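Computed from a predicted structure; not experimentally measured. Start at 1 and go down the list; that is how both ligands and their atoms are numbered.
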Amino acid sequence: MPELFRAARILPMTPGWPQLEDAAVVVHDQLILDVGSFADLRRKHAGPVRDLGEVTLAPATFNSHTHLEMSHLLGRTQPGQGFVPWVESLLANELYALDEVRVRTELARLESRGCAFVADISTRNAPRLAELLAGSGLFFTSFQEAIGNTVPDNPAELLHQVQDVADNVSDSGRGVCAVAGHALYSSGPGLLRAAKAADNARGLPFSLHLAEHGDEDAILLTGKSPFLDLMRQRGFITDYAAPGQRPVPLAATLGLLDERTLCVHCVTVTDEDIAQIKASRASVCLCPRSNAFIGVGQAPLGKLLVAGVNLCLGTDGLCSNVDLDPLGELAWLAEQYPGVLSLAQGLALVTVNPARFFGPLVPGAGRLGSLAPGQLARFSVLPQAVLDAFS
Ligand SMILES: [Zn+2]
């Protein structure tokens with residue numbers, strides 16, 4: 001029998017629908033049958049009522065960019081000093097020592113806070129993380145990060161590393177394994193093209209850290225930067241030929257920008273870059289707390305909004321943040337940009353916008369992100385910190 005969930009306020013995040021007061025959602029068999037005023041729905045549906053009280057109910061959230069692999073690094077990196085000091089502090093740790101107990105705890109915490117989707121990036125442990133995600137209740141994309149310069153003869157080989165878990169992933173019906181690039185200076189151009197080709201061949205999403213910090217611009221334009229000096233010092237690179245283009249034009253030149261690409265960070269983008277991203281139909285994932293933690297500046301939120309770029313929100317990993325909760329990220333963003341976003345505009349970054357990006361590419365993702373008949377019955381209750389940040 002259908003069940004009615006009543007709340008003082010509901011933000012359906014369905015285009016054209018306003019915030020509803022004294023409202024309800026009718027749920028049957030994990031699907032939404034109806035959304036509207038409690039009084040109307042009570043007359044139409046005789047099922048049991050669960051009154052959630054004086055809360056604001058919203059769709060479950062998406063964390064569009066994180067690194068679960070780095071969960072053991074919480075509190076073990078240098079905050080606020082810029083990119084190179086942060087990388088140095090990162091390299092002082094064992095980066096890829098996956099702490100499965102910690103990852104399971106983080107996934108359970110996310111679900112308990114009303115998160116329904118995670119896009120995870122892993123350099124060394126993607127097959128195991130895909131299994132952990134498939135074993136959780138979350139919808140997901142498990143990205144295997146392609147880093148370095150070695151280009152396989154057949155781009156599909158980039159997905160082979162996760163093939164042994166493909167059955168578990170497809171059995172879950174809630175996720176996909178895909179390939180991501182790291183960044184334009186750390187994943188070679190041939191490898192990035194191959195990664196994008198591997199994803200395109202299977203209709204999968206692609207992700208890339210793009211325009212994250214000033215060092216990235218300097219590396220690509222001149223080949224002179226403190227980061228490259230550090231990499232040479234540590235023996236990670238011997239020679240580097242700067243392509244002589246800024247990040248966004250270079251990504252476009254390499255054919256990496258289209259509607260299946262999520263550009264992560266976009267802190268140093270210019271007006272022309274924003275126009276180029278918009279024209280490419282790529283989406284952008286902001287990670288504002290990570291940018292502040294590392295000390296690289298902030299993305300031009302207002303300009304990205306005005307340009308109509310499809311904006312999502314991610315936490316990055318616990319090596320550059322304090323938690324993985326998209327609503328914590330949203331509250332922080334709203335506090336940093338007072339008056340720039342309405343509550344509905346802000347909430348779109350963690351609900352309907354990522355559903356627009358991942359929806360055509362990941363099973364079930366298009367049935368999240370909004371509360372409407374036929375959508376999955378996955379909810380979040382907005383914490384007071386989010387409501388206060390937008391008041
Ligand atoms: Zn990242």
S.K.: Assign the ring pair Tyr185 / Phe227 to parallel, tilted or perpendicular, where the plane angle (0 to 90°) is split at 30° and 60°.
M.R.: perpendicular
S.K.: Counting backbone and side chain alike, does His65 bring an N/O/S atom below 2.8 Å of the Zn ion (ligand 1)?
M.R.: yes
S.K.: Scan Asp323, Asp316, Asp325 and name whichever one has a salt bridge (charged side-chain N to carboxylate O under 4.0 Å, His left out) with Arg289.
M.R.: Asp323
S.K.: Would you say Arg356 and Asn353 are linked by a side-chain donor-acceptor pair, where the criterion is simply a distance under 3.5 Å?
M.R.: yes
S.K.: Taking N, O or S atoms only and a limit of 2.8 Å, check whether His265 reaches the Zn ion (ligand 1).
M.R.: no
S.K.: Go through the side-chain N and O atoms of Glu329 and Thr315 and say whether any donor and acceptor fall under 3.5 Å apart.
M.R.: no
S.K.: Please name the atom of Asp316, limited to N, O or S, that comes nearest to the Zn ion (ligand 1).
M.R.: OD1
